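Below is one structure, written out as structure tokens; comments come after it.
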Amino acid sequence: MAPKRASGKTKIPWGTIYTVGFIALAIGAAIFVATEPARPAKKAAAPEQAAPASARDEIMTQADREAFEKYEGIIKQADQFVANGPAGAEAAKTLYTAAIELNARHPLAYFNLARVIEEEGNHTGALGHYHTVLSLLHPQMAEGRKTVHTNIALLHMNINNISGAIAHWKEAIDADPRDAMLHFSLGNALLTQGEHADALKEFKRCTELDKKEAKYNVEYGRLLLTTGDEKLGREQIAAGLKKGDEQQLFQLGMYLYKKDAAVAHEVFETILQRFPAHPALGTVYYTLGQLLGQVGKADEEKKLYEDAVAANIFASTLQRPMFRHRNNLEPAHALPAADVRTQLQ
């Protein structure tokens, strides 16, 4: 049940989700970091409240301001290369490194460099830079610390170091105890380790912190069913299906498609009942057909594929399952779109 990040790896958009907030906080802390001695680890005593912007401007010299503007400019250049994808990675790394040489006590360049080299598969180097960021962040910068610990946890998940991921999910939760998604991610990691009782507590906590997200109730319910608590498990699943909006339920159904066919089937049936004009109705029919085909219900599978075509799903999406179902053909034998409808007549 672990969340996903970019293609080819177990990823989710967490790094991306929190990066904007982190960057803002990191830049906002620039003056503090640039004008104070480097802070040791997280256990350092909490400092006094940061001075207002006007006071910070007075603290900084003209040379300081010019140096920091140059630092920011280099990072912006590097970010533009990152936006170009892998082709810009080398130039971005060179620029981030130059920014670090210019200001080795500001965390932003380390953080962005870590993300670039992590994408290249340099996990050891990325971890080193992430930990440098943690050593530079002010202890009270909870949002920034949450972001970095989240990225480290996801990296550990990608290299199958589940215990390392668990440790950093817990650190992220320390920074923001009311973030339901962090508890959900920790629960998934604990579940992977076989720590079902602790995972159950985390999933339950999700349902308490976020009353609107259907996924938390459904996943809590699924785990309860595995413990033998049929009554509470079914209640939680039903609560999730009742509260979820059309987008939540669709995402949940796709999420569960290869994890729990029975509950995924319930989710898609709920969509048909509650949202008969769902914008992805064709995909709902199509996926339901696949689920029924997996359990040998060929007639119902065929009918759902017909409904998918009627709902204007692109025929090319249907070709592989349709022709496997009807003619036992390999995907290479799939016919043009017009012939798909002919076969369904």
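No experiment lies behind these values; they were computed from the predicted model shown.
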Mind checking whether Tyr96 and Leu108 have side chains closer than 4.5 Å, heavy atoms only? no

Side-chain (Tyr220) to main-chain (Ile237) donor-acceptor, under 3.5 angstrom: no

Would you say Asn84's side chain and Ala87's backbone share a donor-acceptor pair under 3.5 angstrom? no

Verdict with supporting geometry, Asn122 and Thr124, side chain to side chain donor-acceptor pair (under 3.5 Å): CA-CA 6 Å; Asn122 183 355; Thr124 302; 5.1 Å; no

Is the shortest side-chain N to carboxylate O distance from Lys231 to Glu235 below 4.0 Å? yes

If I compare all heavy atoms of Arg145 with all of Pro139, which pair ends up nearest, and what's the gap? CD-O, 3.8 Å

Supply the atom-to-atom distance Leu127 CG to Ile152 CD1, rounded to the nearest 0.5 angstrom. 6.5 Å

Return the set of residues passing side chain to side chain donor-acceptor pair (under 3.5 Å) with Tyr257 (not counting sequence neighbours), or none when no residue passes. Gln290, Gln294

For Gly289 versus Tyr305, what's the shortest heavy-atom pair and its separation? C-OH, 3.8 Å

Side-chain heavy-atom pair Glu246, Ile271 within 4.5 angstrom cut-off: no

For the residue pair Val218 and Val263, establish whether any side-chain heavy-atom pair is separated by less than 4.5 Å. yes

Quick one: does any side-chain atom of Tyr71 pair with a main-chain N or O of Ala109 as donor and acceptor, under 3.5 Å? yes

Check for a donor-acceptor pair, side chain of Thr227 on one end and backbone N or O of Leu224 on the other, with a separation under 3.5 Å. yes

Report the C-alpha separation of Arg205 and Thr207 in whole Å, then their side-chain angles, then the decisive distance to 0.1 Å, and conclude whether the side chain to side chain contact (heavy atoms under 4.5 Å, CB included) test is met. CA-CA 5 Å; Arg205 185 64 177 142; Thr207 66; over 6 Å; no

Do any pairs count as a salt bridge (charged side-chain N to carboxylate O under 4.0 Å, His left out) and have a residue in residues 260-288, sequence neighbours left out, and if so which ones? Arg222-Asp260, Arg234-Glu266

Identify the two heavy atoms, one from Gly244 and one from Ala214, that lie closest to each other, and give their separation to 0.1 Å. CA-CB, 3.6 Å

When rounded to the nearest 0.5 angstrom, what is the spacing between CG in Leu190 and OG in Ser185? 11.0 Å

Does the side chain of Leu113 reach to within under 4.5 Å of the side chain of Thr97, using non-hydrogen atoms? yes

Applying side chain to side chain contact (heavy atoms under 4.5 Å, CB included) to Glu171 and Leu134, what does each step give before you reach the verdict? CA-CA 11 Å; Glu171 290 279 2; Leu134 289 174; over 6 Å; no

Can you tell me how far CG of Asp174 sits from NZ of Lys146, rounded to the nearest 0.5 angstrom? 12.5 Å

Please tell me if the side chains of Met181 and Asp210 come closer than 4.5 Å, counting only heavy atoms from C-beta onward. no

Decide yes or no on side chain to side chain contact (heavy atoms under 4.5 Å, CB included) for Leu304 and Asp307, but give the supporting numbers first. CA-CA 5 Å; Leu304 284 162; Asp307 291 338; 4.1 Å; yes

Check side chain to side chain donor-acceptor pair (under 3.5 Å) between Lys204 and all other residues, then give those that pass, not counting sequence neighbours. none

Assess whether a salt bridge exists between Lys303 and Glu306, defined as any Lys/Arg side-chain N lying under 4.0 Å from an Asp/Glu carboxylate O. no

Decide yes or no for Thr270 and Lys242: does some side-chain heavy atom of the first lie under 4.5 Å from some side-chain heavy atom of the second? no

Group every Ile, Leu, Val, Met, Phe, Trp and Tyr by side-chain heavy-atom contacts under 4.5 Å, then state whether Met254 and Leu256 land in the same group. yes

Please say yes or no: joined through hydrophobic side-chain contacts below 4.5 Å, possibly via intermediate residues, are Phe111 and Phe68 part of one cluster? yes

Give a yes or no on whether a salt bridge exists between Lys93 and Glu120, defined as a side-chain N under 4.0 angstrom from a carboxylate O. yes

Tell me, do Ile166 and Gln193 make a side-chain contact under 4.5 Å, heavy atoms counted? yes

Please report the interatomic distance CG(Leu223) to CD(Gln236), rounded to the nearest 0.5 Å. 11.0 Å

Result block: side-chain N/O donor-acceptor pairs under 3.5 angstrom for residues 195-203, not counting sequence neighbours:
residue	atom	partner	partner atom	Å
His196	ND1	Gly194	O	3.1
Glu202	OE1	His183	ND1	2.7

Aromatic ring proximity His131/His168, centre distance under 6.0 Å: yes

Give, for atom CG of Leu137 and atom NE2 of His106, the distance between the pair rounded to the nearest 0.5 Å. 9.0 Å

Please answer whether the main-chain N or O of Thr61 pairs with a side-chain N or O of Asp64 as donor and acceptor at a distance below 3.5 Å. yes

Rounded to the nearest 0.5 angstrom, the NZ-CG distance for Lys243 and Asn217 is 3.5 Å

Let me see the working for Leu272 and Leu288 under side chain to side chain contact (heavy atoms under 4.5 Å, CB included), right down to the final yes or no. CA-CA 10 Å; Leu272 294 179; Leu288 266 175; 3.5 Å; yes

For a quick test of reading the model, state the closest non-hydrogen atom pair linking Leu225 to Gly233 and the distance between them. CD2-CA, 4.0 Å

Looking at Val267 and Leu241, what are the two nearest heavy atoms and their distance? CG2-CD2, 3.7 Å

Under a single-linkage definition using a 4.5 Å side-chain heavy-atom cutoff for Ile, Leu, Val, Met, Phe, Trp and Tyr, are Leu182 and Leu209 assigned to the same hydrophobic cluster? no

For Lys212, what residues pass the salt bridge (charged side-chain N to carboxylate O under 4.0 Å, His left out) criterion, not counting sequence neighbours? none

Residue Gln247 excluded, over 12 heavy atoms near CD under 6.0 Å: no

Nearest non-hydrogen partners of Val133 and Pro107, listed with the distance: CG2-O, 3.6 Å

Assess the side chains of Glu118 and Tyr130: does a donor N or O sit below 3.5 Å from an acceptor N or O? yes

Less than 4.5 Å apart, side chain to side chain, heavy atoms only: is that true for Asn151 and Leu155? no

Is the ring pair Tyr255/Phe184 parallel, tilted or perpendicular, if the boundaries are 30 and 60 degrees? tilted

Ring pair (Phe, Tyr, Trp, His ring centres under 6.0 Å) contacts touching residues 226-249 (sequence neighbours left out): none

Exactly one of Phe250, Tyr285, Phe268 clears ring-ring contact (aromatic ring centres under 6.0 Å, His included) with His278, and that residue is Phe250

